[in-house]
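Presented below is the structure to which this report refers.
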Amino acid sequence: MRPDILNPLFAETDTLDGVGPKLAKPLAKLGLTRIRDVIYHLPERFVTRRAVQNLDAASPGEQIVVALTVTEHRASNGRGPYRVMATDTLGNVCALTYFGRASYSAKKLLPVGETRWVAGRLDQYGQMLQIVHPDHVVEGSGDTLQRLCEPVYSLAEGLTQPKVASLVQQSLERLPELPEWIETSQLDGAGWPGWADALALAHKSDHETARDRLAYDELLANSLALLLVRAEGRKRAGQPLRGDGQLRAKLELPFPLTGAQKRSNEEIAGDMAQESPMLRLLQGDVGAGKTVVALEAMLVAVESGAQAALLAPTEILARQHFETLQAMLRPVGVEIARLTGRDKGRAREGILMGLLDGSIDIIVGTHAIFQDSVNYRNLGLVVIDEQHRFGVSQRLMLAAKGRRAPHTLAMTATPIPRTLTLAQYGEMDVSRLDELPPGRQPIDTRVVPQDRLAEVVDGVARHVAGGQQAYWVCPMVRENEFVTEDIAAAEARYASLRERFGDDVVLVHGQLTPELKDAGMQRFASGQAKLLVATTVIEVGVDVPAATLMVIEQAERFGLAQLHQLRGRVGRGAEKSVCLLLRGDALSETGKRRLALMRESQDGFRLAEEDLELRGGGELLGIRQSGDTPFRTATLEQIQRLLPVAHADARLLMEHGDGLEGARGEAARVLLYLFERDWGVKTLRGG
Ligand code: ADP
Ligand code: MG
């Protein structure tokens, strides 16, 4: 049970003043459902603005406060934004640009003929000056000018900076007094403030020690929970699965396994033969061939009379895995089925029966395979693909299936730097596929300025005319903020490419229904469509060996690890592959370095380490990429610096008896619940 002292933090966000049903959706989108979430919604950065008399005194890219007089409202034409035209005292024109529903507020805030103080970032858009989604629009200058330095929060459509700031302030007023869980010597040594002070400071200014303390809390909670789970796992018996090799002998793979694949197979089989449940991570760069390794492990389970489940993060991947595995299993004579959230009614019932009576040996699916209603006759092995996409708690739910703990094989294509492995997996055993299948040619990677787009399109046309396929990836316009803009960008690109390529081009993005997404992927995978326009949904795992060209627009906006993942979609067959990184012209130093590294290296581990460096050093606070780490507060740099300390501290706490006894133990429990690592605590009582 959650300690009562935390109750105020777990109250719903709608108990705050000014939160009605209208805000429910945007708040949910940001994951801000409770007070706790709001206090940890730390500013992405702080802006310092300059008040200017007129636009001549400001330059594009600058954060300003300026008085503008509204001249005209230009409604959106279909997909375009809503623009409010305004002029400064010298008659310079500036557009105030709004996407999506934000335009409703523009109508109210900016009546034609009136003068308003506007705060935001001045941009140059073609010939026009504009401010996209101004942070403030107010009548009198006083208020705005007071706030020349203020936090900038990530937003969702329907929320504004002042609104979020007010929710944060209200939430901070509700902080309970919590016991200190950090050891005094650590706290004093680092000069960290107490928990409540740290939160207040972190919202007020770019306060490094406060941020560090908050990050440390999260890291400590995570390490502690992982250690608790691990200790629990050691107590629960599994079943030894030895396998007689009969089914594996029937596999007719079209290629010999690499040395690394053979070695991994042996390590896995060795673990599975033991009674204590396997907890092993299979790490291998994109295209290293993890799927066949998983297949062999699943056959070991089936040979031993047990079932195996393969969990994929998306419908697209689940479907792809199912098809690949089904084809490979044809000569073996093993029953394999697929289960996703879309399977309903009879079909679903049939699969559930098959799992229960054991007639299905291998199940492939999304998280649907570990719902309560799904029961197995004897689940012996759980394989989790693209492991980093799942939370530990989801992993545990699968592990809880069956009377005895199943063996777990987690796979990841994300090359995780050593420091992060510890954070993500605690103390798992690791097998590495550090050798690519033979015959792979290096991918020819080139950086091309975005303004040579027309040439790039011609290149794609030649490529397609030559009978090959290509991916075209559209960028994230802004992280978190205007998701609709990303989709709009992808749709606009799709529309223009369609004019040239007709039915040869398909569009896939995250907001399509699963049916449409699948249909699009299917047309591309089968070769009917030649060009796939996509947002980053294709980042993980998609395998279409005939696709040999990858175009990535505004590549500088992606992290290195992500670019590497995207590039890994090509170069999967024997054909020479090309990756074109289109870059905008306002390239930061970090952006430049990233693209240069992509040209230089194809080694996922090296790129991942460099990514950490670049992001840690070069960029501002808290830039997160979803799925990168299991943390919402700690940045990559902080993880690297603080995790070893937190981990050692957690071990010490555990060694004082794993019941988390004593005053510090009590405080540590509060911490676990605060960060919702309560699955760690639950194992305490379960055992
Ligand atoms: P990933 O590790 O990224 O999941 P996959 O398992 O999808 O990689 O494998 C990538 C491609 O390489 C697949 O088309 C697969 O059939 C092929 N492949 C896997 N192992 C080998 C091998 N030993 N020799 C040649 N091709 C292989
Ligand atoms: Mg894969």
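All residue numbers in this chain count up from 1 along the given sequence.
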Working for side-chain contact (heavy atoms from CB on, under 4.5 Å), residues Glu666 and Val670: CA-CA 7 Å; Glu666 277 306 312; Val670 172; 5.8 Å; no
I would like to know whether Arg319 and Asp518 meet side-chain contact (heavy atoms from CB on, under 4.5 Å); could you show each step before the answer? CA-CA 8 Å; Arg319 181 190 194 112; Asp518 274 5; 2.9 Å; yes
Would Arg348 and Ser373 satisfy side-chain hydrogen bond (donor to acceptor under 3.5 Å, both in side chains), going step by step from the backbone distance to the final call? CA-CA 11 Å; Arg348 183 181 141 87; Ser373 53; 2.8 Å; yes
Set out, in order, the CA-CA distance, both residues' side-chain angles and the distance that settles side-chain contact (heavy atoms from CB on, under 4.5 Å) for Leu159 and Leu30, then state yes or no. CA-CA 10 Å; Leu159 278 171; Leu30 291 174; 3.6 Å; yes
For a side-chain hydrogen bond (donor to acceptor under 3.5 Å, both in side chains) check, start with the C-alpha distance between Arg174 and Thr15, then their side-chain angles and the critical distance, and finish with the verdict. CA-CA 11 Å; Arg174 295 196 193 176; Thr15 59; 3.1 Å; yes
With salt bridge (Lys or Arg N to Asp or Glu O under 4.0 Å) as the criterion, how do Glu150 and Arg49 come out once you've worked through the C-alpha distance, each side chain's angles and the decisive distance to 0.1 Å? CA-CA 9 Å; Glu150 64 175 10; Arg49 301 198 183 88; 2.9 Å; yes
Report the C-alpha separation of Ile552 and Leu563 in whole Å, then their side-chain angles, then the decisive distance to 0.1 Å, and conclude whether the side-chain contact (heavy atoms from CB on, under 4.5 Å) test is met. CA-CA 8 Å; Ile552 304 176; Leu563 285 173; 4.0 Å; yes
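Looking only at distances, no side-chain donor or acceptor of Gln161 sits under 3.5 Å from a matching main-chain atom of His136. At distances below 3.5 Å, at least one donor-acceptor pair connects side-chain atoms of Thr13 with backbone N or O atoms of Thr33. Put simply, the side chain of His321 never gets that close to the backbone of Leu311: no donor and acceptor are under 3.5 Å apart. Distance alone, capped at 3.5 Å, is enough to place a donor-acceptor pair between the Glu180 side chain and the Ile182 backbone. Under a 3.5 Å cut-off, the side chain of Lys204 and the backbone N or O of Leu199 do not form any donor-acceptor pair. Between the side chain of Arg36 and the main chain of Leu674, a donor-acceptor pair closer than 3.5 Å is present. The closest donor-acceptor contact from the side chain of His73 to the backbone of Leu110 lies under 3.5 Å. Remark: the backbone N or O of Leu220 is not paired with any side-chain donor or acceptor of Ser223 at under 3.5 angstrom. Judged by distance alone, the side chain of Lys22 and the main-chain N or O of Val19 form no donor-acceptor pair under 3.5 Å.
In this structure, the separation between CG on Leu379 and CD1 on Ile363 is 10.5 Å, given to the nearest 0.5 Å. His367 contributes atom NE2, which lies 10.0 Å from atom CG of Leu339 (distance to the nearest 0.5 angstrom). Here the CG atom belonging to Asp37 is positioned 9.5 Å from the OG atom belonging to Ser171, to the nearest 0.5 angstrom. Here the CG-CD distance, from Leu214 to Gln638, works out to 8.5 Å after rounding to the nearest 0.5 Å. Taken from CD1 in Ile131 to OG1 in Thr97, the straight-line distance is 9.0 Å, to the nearest 0.5 Å. We find the OG1-NE2 distance between Thr633 and His41 to be 11.5 Å, quoted to the nearest 0.5 Å.
Side-chain contact between Val84 and Arg74 is absent, with no heavy atoms from C-beta onward closer than 4.5 Å. At a threshold of 4.5 Å between non-hydrogen side-chain atoms, the residues Arg594 and Thr590 count as touching. By the 4.5 Å heavy-atom criterion applied to side chains, Arg2 and Asn7 are counted as neighbours. Annotation: side chain of Met521 is in contact with side chain of Leu532 (closest heavy-atom distance under 4.5 Å). Proximity of Leu9 to Arg34: side-chain heavy atoms (C-beta onward) are nowhere separated by under 4.5 Å. The shortest side-chain heavy-atom distance between Leu42 and Arg211 falls under the 4.5 Å cut-off. Taking the side chain as every heavy atom from C-beta outward, Asp123 and Val132 approach each other to under 4.5 Å. Put simply, the side chain of Pro179 reaches to within 4.5 Å of the side chain of Ile5, judged on heavy atoms.
In the model, Arg557 has a side-chain atom that pairs as donor or acceptor with a side-chain atom of Gln554 under 3.5 Å. In the model, Trp472 has a side-chain atom that pairs as donor or acceptor with a side-chain atom of Glu553 under 3.5 Å.
Of all non-hydrogen atoms in Val506 and Gly520, the two that sit nearest each other are CG2-O, 3.9 Å. Of all non-hydrogen atoms in Tyr376 and Ala309, the two that sit nearest each other are OH-CB, 4.1 Å. Heavy atoms only, all atoms of each residue included: Gly18 and Leu23 are closest at O-CD1, 3.7 Å. Of all heavy-atom pairs spanning Leu109 and Val137, the tightest one is O-CG1, 3.9 Å. Heavy atoms only, all atoms of each residue included: Ile369 and Leu310 are closest at CD1-O, 3.7 Å. Ala119 and Val65 make their closest contact through CB-CG2, 4.0 Å (heavy atoms, listed as atom of the first residue, atom of the second, distance).
Separation of the Tyr471 and Phe524 ring centroids falls under the 6.0 Å cut-off. In this structure, His203 has its ring center at least 6.0 angstrom away from the ring center of Phe46.
A salt bridge links Glu315 and Arg342; the closest N-O separation between the charged side-chain nitrogens and carboxylate oxygens is under 4.0 Å. A salt bridge does not link Arg632 with Glu218: every distance from a Lys NZ or Arg NE/NH1/NH2 to an Asp or Glu carboxylate oxygen is 4.0 Å or more. Using a 4.0 Å cut-off between a side-chain N of Lys or Arg and a carboxylate O of Asp or Glu, Arg641 and Asp212 qualify as a salt bridge.
Taking Tyr494 as the reference, nothing meets the ring-ring contact (aromatic ring centres under 6.0 Å, His included) condition, with sequence neighbours excluded.
Within the structure, every pair that satisfies the side-chain hydrogen bond (donor to acceptor under 3.5 Å, both in side chains) test and touches residues 192-202, not counting sequence neighbours, is listed here: Tyr40-Trp195.
Stacking of Arg83 on the aromatic ring of Tyr98 is not recorded, the 6.0 Å distance cut-off and the 45° axial limit not both being met.
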